[in-house]
Amino acid sequence: MKIEGKTVLVTGANRGIGQALVAEALSRGAARVYAGTRQPLAHPDARVTPLNLDVTDAAQIRAAAESVESLDILVNNAGIALYDDLSERAALEQHLAVNLFGTYGVTQAFLPLLTGSQGAIVNNVSTMALAPFPFTPAYAISKAAAFNLTQSLRALLAGRGVRVHAVLTGPTDTDMTRGFDIPKASPASVARGIFDGVENGEEDIFPDPMSASIADSWRNGAVKAMERENAAFVAAEPTAA
Ligand SMILES: NC(=O)c1ccc[n+]([C@@H]2O[C@H](COP(=O)([O-])OP(=O)(O)OC[C@H]3O[C@@H](n4cnc5c(N)ncnc54)[C@H](OP(=O)(O)O)[C@@H]3O)[C@@H](O)[C@H]2O)c1
């Protein structure tokens, strides 16, 4: 899957990794980039089409899907991360609404287009899907759920020719990690890593030095082997997703 000549949609496209993904898709020769944002966006490149898209708003998702004619690559990137300590159910619900159900809702809405193009879904998850950081447990739970969603969609959609990638992103220098004094990758380098992974057909993409350090053990590990064994049950006879 080359980015050149393709139509790409990025959610959360106005800042951070999403903004970098738009720039990287353009620099790789994407024909059209739909930039999903919650506020109006102006972009100097004529190949960028802004889309009003709050991923928790079913009407906006529907309207966005109706306004897009064809799509090759959907990047579910929009996300929130707030400090919590699991004492408030509302915090968990807030993270699930964006990071899990937002990803789910946008994916379902654009699935007919992606099936038609034999396209790809790219879910920007997090290494916290595998190991939580206990200052943001609700976030980690939502990312673990989004990763599991990604794994199931991968199995369910393989028979329809849609590839589904998980991005196990590590610390990246955006507003989301502003308060953490730790080594961080640049959003631009993470965006390159993500599209390199898509172009190389990597199911699970580790786009930065921190996440790359666990890539081999993940890919060769017992859990990945189990995912493949379980997926084989539906491979022969895909069901609706
Ligand atoms: N930064 C990291 O270290 C890191 C690590 C692993 C994974 N990730 C993941 O990477 C993705 C991008 O994160 P980032 O670091 O670029 O964060 P960011 O700079 O905080 O940007 C978050 C983006 O998501 C958008 N967003 C939030 N809620 C939304 C909603 N309901 N509907 C639509 N868009 C919404 C924001 O839009 P507004 O401007 O309107 O708020 C913004 O564009 C997230 O899924 C995050 O979990 C980040």
Side-chain angles (χ1 to χ4, degrees), residues 9-24 33-41 43 48 50-64 74-83 91 93-107 109-110 121-133 135-147 149-150 165-191 193-195 197 204-214:
L9 192 163
V10 180
T11 65
N14 54 306
R15 59 190 170 101
I17 298 170
Q19 186 179 40
L21 284 163
V22 171
E24 185 62 24
V33 180
Y34 290 98
T37 63
R38 293 195 286 184
Q39 296 94 25
L41 178 88
H43 198 285
V48 175
L51 272 186
N52 199 19
L53 186 53
D54 181 328
V55 301
T56 64
D57 186 323
Q60 282 189 17
I61 294 174
R62 207 164 36 245
L74 167 64
V75 187
N76 285 303
N77 167 78
I80 55 164
L82 306 167
Y83 290 102
E93 289 178 346
Q94 197 180 354
H95 284 87
L96 290 171
V98 180
N99 300 346
L100 174 66
F101 290 110
T103 297
Y104 171 80
V106 173
T107 299
F110 285 94
I121 297 165
V122 182
N123 290 340
N124 192 0
V125 189
S126 167
T127 50
M128 282 194 221
L130 305 175
F133 184 57
F135 290 113
T136 54
Y139 171 74
I141 290 167
S142 71
K143 288 295 183 176
F147 182 43
L149 170 75
T150 307
H165 305 265
V167 186
L168 282 308
T169 312
T172 307
D173 192 8
T174 68
D175 295 340
M176 193 172 275
T177 54
R178 198 60 70 222
F180 298 109
D181 189 17
I182 48 171
K184 300 170 200 171
S186 69
S189 69
V190 167
I194 291 172
F195 283 131
D204 301 316
I205 299 169
F206 298 82
D208 58 278
M210 188 281 225
S211 66
S213 71
I214 62 166

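Atoms within each ligand, like the ligands themselves, are counted from 1 in listed order.
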Between the main-chain N or O of Asn77 and the side-chain N or O of Thr11, is there a donor-acceptor pair closer than 3.5 Å?
yes
Best match, Leu53, Thr37, Asn123, Thr172: closest heavy atom to atom 2 (C) of ligand 1:
Thr172
Part of [X] within contact of ligand 1 (heavy atoms, under 4.0 Å):
X: Pro171; result: backbone
X: Val125; result: backbone
X: Gln39; result: side chain
X: Asp54; result: both
X: Lys184; result: neither

Measuring from atom [atom1] of [X] to atom [atom2] of [Y], what distance do you get when rounded to the nearest 0.5 angstrom?
X: Met176; Y: Thr169; atom1: CE; atom2: OG1; result: 10.0 Å
X: Tyr139; Y: Leu82; atom1: OH; atom2: CG; result: 10.5 Å
X: Asn124; Y: Thr172; atom1: CG; atom2: OG1; result: 8.0 Å
X: Thr150; Y: Lys143; atom1: OG1; atom2: NZ; result: 9.0 Å
X: Phe147; Y: Met128; atom1: CZ; atom2: CE; result: 15.0 Å

Can you see which heavy atom on [X] is nearest to which on [Y], and at what distance?
X: Met210; Y: Thr127; result: CE-OG1, 3.9 Å
X: Gly16; Y: Pro187; result: O-CB, 3.9 Å
X: Asp54; Y: Arg38; result: OD2-CD, 3.7 Å

Say whether [X], considering both its backbone and side-chain N or O atoms, lies within less than 3.5 Å of an N or O atom on ligand 1.
X: Thr169; result: no
X: Asn77; result: yes
X: Gly12; result: yes
X: Lys143; result: yes

Nearest to [atom], what protein heavy atom do you find, and at what distance?
atom: atom 24 (O) of ligand 1; answer: Gly79 N, 3.3 Å
atom: atom 8 (N) of ligand 1; answer: Tyr139 OH, 3.6 Å
atom: atom 5 (C) of ligand 1; answer: Gly170 O, 3.3 Å
atom: atom 14 (P) of ligand 1; answer: Thr174 OG1, 3.5 Å
atom: atom 18 (P) of ligand 1; answer: Arg15 NH1, 3.6 Å
atom: atom 32 (N) of ligand 1; answer: Val55 N, 2.9 Å
atom: atom 37 (O) of ligand 1; answer: Asn14 OD1, 3.6 Å
atom: atom 13 (O) of ligand 1; answer: Met176 CE, 3.8 Å

I'd like to know whether Ile205 forms a side chain to side chain contact (heavy atoms under 4.5 Å, CB included) with Leu168, so could you lay out the CA-CA distance, the side-chain angles of the two residues, the decisive distance to 0.1 Å, and finally the verdict.
CA-CA 6 Å; Ile205 299 169; Leu168 282 308; over 6 Å; no
Parallel, tilted or perpendicular: which fits the ring planes of Phe180 and Phe133, with parallel below 30° and perpendicular above 60°?
perpendicular
Run the numbers for me: atoms of ligand 1, each under 4.0 Å from some heavy atom of [X], listed by number.
X: Thr177; answer: 1 (N), 2 (C), 3 (O)
X: Ser126; answer: 6 (C), 7 (C)
X: Ile80; answer: 27 (C), 28 (N)
X: Ile17; answer: 10 (O), 15 (O), 16 (O), 48 (C)

Is it the case that Ser142 and Asn99 place a side-chain donor and acceptor less than 3.5 Å from each other?
yes
When you look at Thr103 and Asn123, which way does the side chain to side chain donor-acceptor pair (under 3.5 Å) test go after all the steps?
CA-CA 8 Å; Thr103 297; Asn123 290 340; 5.2 Å; no
